[in-house]
Amino acid sequence: MATPTLLAIRGPITGARLQMDGGEKLIGRSPECDITLPDQAVSRRHAVIRKKNLGWIIEDMGSSGGTYINTEKLKAAHALAPNDEVRIGRSIFLFDSDFDLQNADFTDNAIYFSTSNEETLELLPVATLDSSRSTRDSPAQHGMELLTEIGDLFDSSRTGFGDALRQSTERLSRILRSDVAILTLFDHGAGQLRASAVVADGDVLADRAVLLRVFNDKKSLLISDRPEMLSHPAKGAPRHAASRSLLAAPIMVEENAIGVIYFERQELDAYTLKDLRLVQSIGRLLGVFIEARQRSEALTLKINFSAPDSAIIGRSQPFRQVIEMVRRVAVTPSTVLLVGETGSGKEVLASEVHRLSPVGREGGPFIAVNCAAIAETLFESELFGHEKGSFTGAHRLHRGYIEQANGGTLFLDEVGELSLALQPKLLRFLQEHTFMRVGGTRMLRSEVRVVAATNRDLVKEVRAGRFREDLYHRLSVLPIEVPPLRERREDIRLLAENFIQKFGKALGKEVIGLSDDALIALEKYTWPGNVRELANCIERAVLLSDGQVLMPRDFHLGQGARPLTQQKVDVDATIQLMGPLQSLAELEADHILKVLKLSDWNQVKAADILGIHRNTLRKKIEDYGLSHKAAR
């Protein structure tokens, strides 16, 4: 039989798991005791736990403060059972418990998170609790009731998302009897934590470092500290009490943190590790509810996809200029040079040039050749073809790309990678439209429209002697600069929706759209791999997603495919409150109305200022009953 333990979940030795080896453990303030508690509320020889028959009993040794078992004062020897709660002074122990501390940090020592020049987080309240604190049982005893209430809040169509966050935070604050309760969510647009609900009496000075540590480490945290040593408050911020207890847990969705719930009480040892475990569980539950609600709201927008007329997708000003240029050059037989970063869509534009050209409308072929993918020794044979027997292995006549493209368009991608030895042969064909197969003896003709593309600066290549100047001038008759995706962010949503439809159908997944946070994350990312990277990102998200709406955690953006929600983040420095105290819904409605008025009721412009999708803005306008009349 395993030796039982006594686990300290509150008090000066919080977190210690004491083995009940031997036949007796004396507990008290005296150093001579087996378990020493440095607490003036504990008698020198306070209580004893001893083995009796096959079990263990506890007896009070005439202490002044008494010994409590499961909140009942001990009057005689008591047989201990697994998970019995023993209270001695400020300390609480669990007897023979399997309580798991793996995903929690805790300490009773002063924690120095901030330096003298570090900003603190100054928050103003949006909700107020009655200052009177009712006496309740242990918060952990309310766990199941609390889970049910929070589930009902987020599941109710009658409760707005902001109200559900506020009411959940208020309910948690009441159960934990906190002086301050804050619920923060990660803002993907701003790249930082923002307070979504605050419950307090008066102004609040929260610990920036605690919020960041919990979010970035994805571990719950319990601290009893002396905050005058913790940080230097911002100008005008309220002062901390002489001592306080902090309790915080990450709001989790699977293995990703999406926010933090934070509680504070102006009292030492106000919370136990049971409270920590409860809040940790609530954090995981809130993550599930919040994501489900965000998915539900995205579904109600009913984004209807429609297949584009062509593969060209985009309506941003830089891209519209490119499309206009493509339409102009397509009707001519001249050579076109597309210049742009890798993955920016040059082949799609080349295909569009062909589609709009006379040869394309007549059904001529479109042959694409990646000049960087063919070995230099084979390129001439692949481009111009070869005669049977012209070299070892040439067992039959081979018609090259130029001959295959006769009557159509030849697309030479990465033309800047051509070797200097092959460049004169390509130049000769561009000038005369004639060529000779390898091993051939007669000149052949091919009427081909050539579109070339490169991600290199060919002017610099010419100056460096790596590209022939005459070939450059022959290729760049009609040059077109293709903008990178970061310069056409307005197109990201259209491209993403198209890719979702495309890959959803190909992979047999019923994915219909993006959440607002996911769209903001995509629009804020720099996309070094351009449209190709976006397509790969969407394909991976569709493949791995388990819902109809893609969320931020479904995307892996940046180096090493690191999830956005796992990046180290900062906390919004201040939240300003205008006028008298209002509910979150009232504040949101007023702010939206102001932005609409300033933007002259241009919903596209207002949505951009607010950092939300215009479909979301349109729904909020309807929900809050906003109108031009209300703005006057």
Side-chain angles (χ1 to χ4, degrees), residues 186-192 256 298 303 305 308 310-323 326 338-352 370 372 413-414 416 453-457 480-504 506 511 513-545 549-569 604 607-608 611-614:
F186 180 63
D187 184 332
H188 292 276
Q192 57 189 197
N256 297 312
I303 301 174
F305 295 132
S310 71
I312 301 298
I313 301 171
R315 60 187 177 201
S316 62
Q317 184 60 30
F319 198 65
R320 284 204 302 266
Q321 293 174 352
V322 170
I323 296 303
V326 165
L338 300 169
V339 181
E341 295 178 6
T342 299
S344 56
K346 297 186 292 294
E347 184 169 351
V348 174
L349 289 171
S351 180
E352 186 71 358
N370 188 332
D413 196 11
E414 304 297 350
T454 182
N455 61 359
R456 293 191 176 190
D457 185 337
I480 298 177
E481 293 278 346
V482 182
L485 188 55
R486 62 181 173 275
E487 294 180 6
R488 41 180 294 219
R489 296 186 186 276
E490 188 179 340
D491 298 334
I492 290 176
R493 174 178 171 268
L494 296 174
L495 289 164
E497 289 177 352
N498 179 69
F499 291 141
I500 287 172
Q501 183 188 41
K502 172 184 174 182
F503 295 124
V511 178
L514 300 158
S515 71
D516 280 351
D517 279 352
L519 178 59
I520 290 171
L522 295 182
E523 290 177 339
K524 291 291 182 181
Y525 183 58
T526 56
W527 298 110
N530 293 292
V531 179
R532 184 180 295 127
E533 183 183 4
L534 174 62
N536 293 339
C537 182
I538 295 292
E539 182 178 12
R540 180 170 56 247
V542 169
L543 179 63
L544 299 178
S545 174
V549 177
L550 298 182
M551 308 299 288
R553 67 184 180 87
D554 293 319
F555 297 98
H556 294 68
L557 307 174
Q559 294 183 349
R562 188 183 185 189
L564 186 64
T565 52
Q566 290 182 357
Q567 297 176 13
K568 300 295 183 184
V569 301
V604 174
D608 186 59
I612 62 177
H613 196 279
R614 58 183 169 278

Q.
Treating D491 as the side-chain partner and S316 as the backbone partner, does any N or O pair qualify as donor plus acceptor under 3.5 Å?
A. yes
**Q.** Atom of N370, atom of E414 and distance for their closest heavy-atom approach
**A.** OD1-CG, 3.8 Å
Q.
Ignoring hydrogens, what is the shortest heavy-atom contact between F503 and A535? Give both atom names and the distance.
A. CE1-O, 3.3 Å
Q: With rounding to the nearest 0.5 Å, note down the distance linking CD in E539 to CG in L544.
A: 10.0 Å
(Q) Show, in sequence, the C-alpha distance, side-chain angles and deciding distance for L349 and I480, and conclude whether the side chain to side chain contact (heavy atoms under 4.5 Å, CB included) test is met. (A) CA-CA 10 Å; L349 289 171; I480 298 177; 5.6 Å; no
Q: Please examine the side chains of R488 and V531, heavy atoms only from C-beta on, and report whether any two atoms are closer than 4.5 Å.
A: yes
Q. Where do N530 and G343 come nearest, in terms of heavy atoms and distance?
A. CB-O, 3.2 Å
Q) Rounded to the nearest 0.5 Å, how far does CZ of F499 lie from CD1 of I492? A) 11.0 Å
Q: Could you tell me the separation between the CD1 atom of I312 and the CZ atom of R320, rounded to the nearest 0.5 Å?
A: 14.5 Å
Q. Judged by atom type as modelled, is there a donor-acceptor pair below 3.5 Å linking the side chain of N536 to the main-chain atoms of E533?
A. no
Q: Report yes if some heavy atom in the side chain of L495 is under 4.5 Å from a heavy atom in the side chain of L485; otherwise report no.
A: yes
**Q.** Partner set under salt bridge (charged side-chain N to carboxylate O under 4.0 Å, His left out) for R486, not counting sequence neighbours
**A.** E341
Q) Which distance, rounded to the nearest 0.5 Å, do you find between the CG of L522 and the CD1 of I538? A) 5.5 Å
Q) What are the two closest non-hydrogen atoms of S344 and P483, and how far apart are they? A) CB-O, 4.1 Å
**Q.** Heavy-atom closest contact (K346 atom, V339 atom, distance)
**A.** CD-C, 4.3 Å
(Q) With side chain to side chain contact (heavy atoms under 4.5 Å, CB included) as the criterion, how do L550 and V542 come out once you've worked through the C-alpha distance, each side chain's angles and the decisive distance to 0.1 Å? (A) CA-CA 7 Å; L550 298 182; V542 169; 4.2 Å; yes
Q. Looking only at heavy atoms, what is the nearest atom pair of P552 and A518, with distance?
A. CG-N, 3.7 Å
Q.
Rounded at 0.5 Å granularity, tell me how far CG in L514 sits from CZ in F555.
A. 5.0 Å
Q) In Å, rounded to the nearest 0.5 Å, how long is the span from CG of N455 to OG1 of T342? A) 3.5 Å
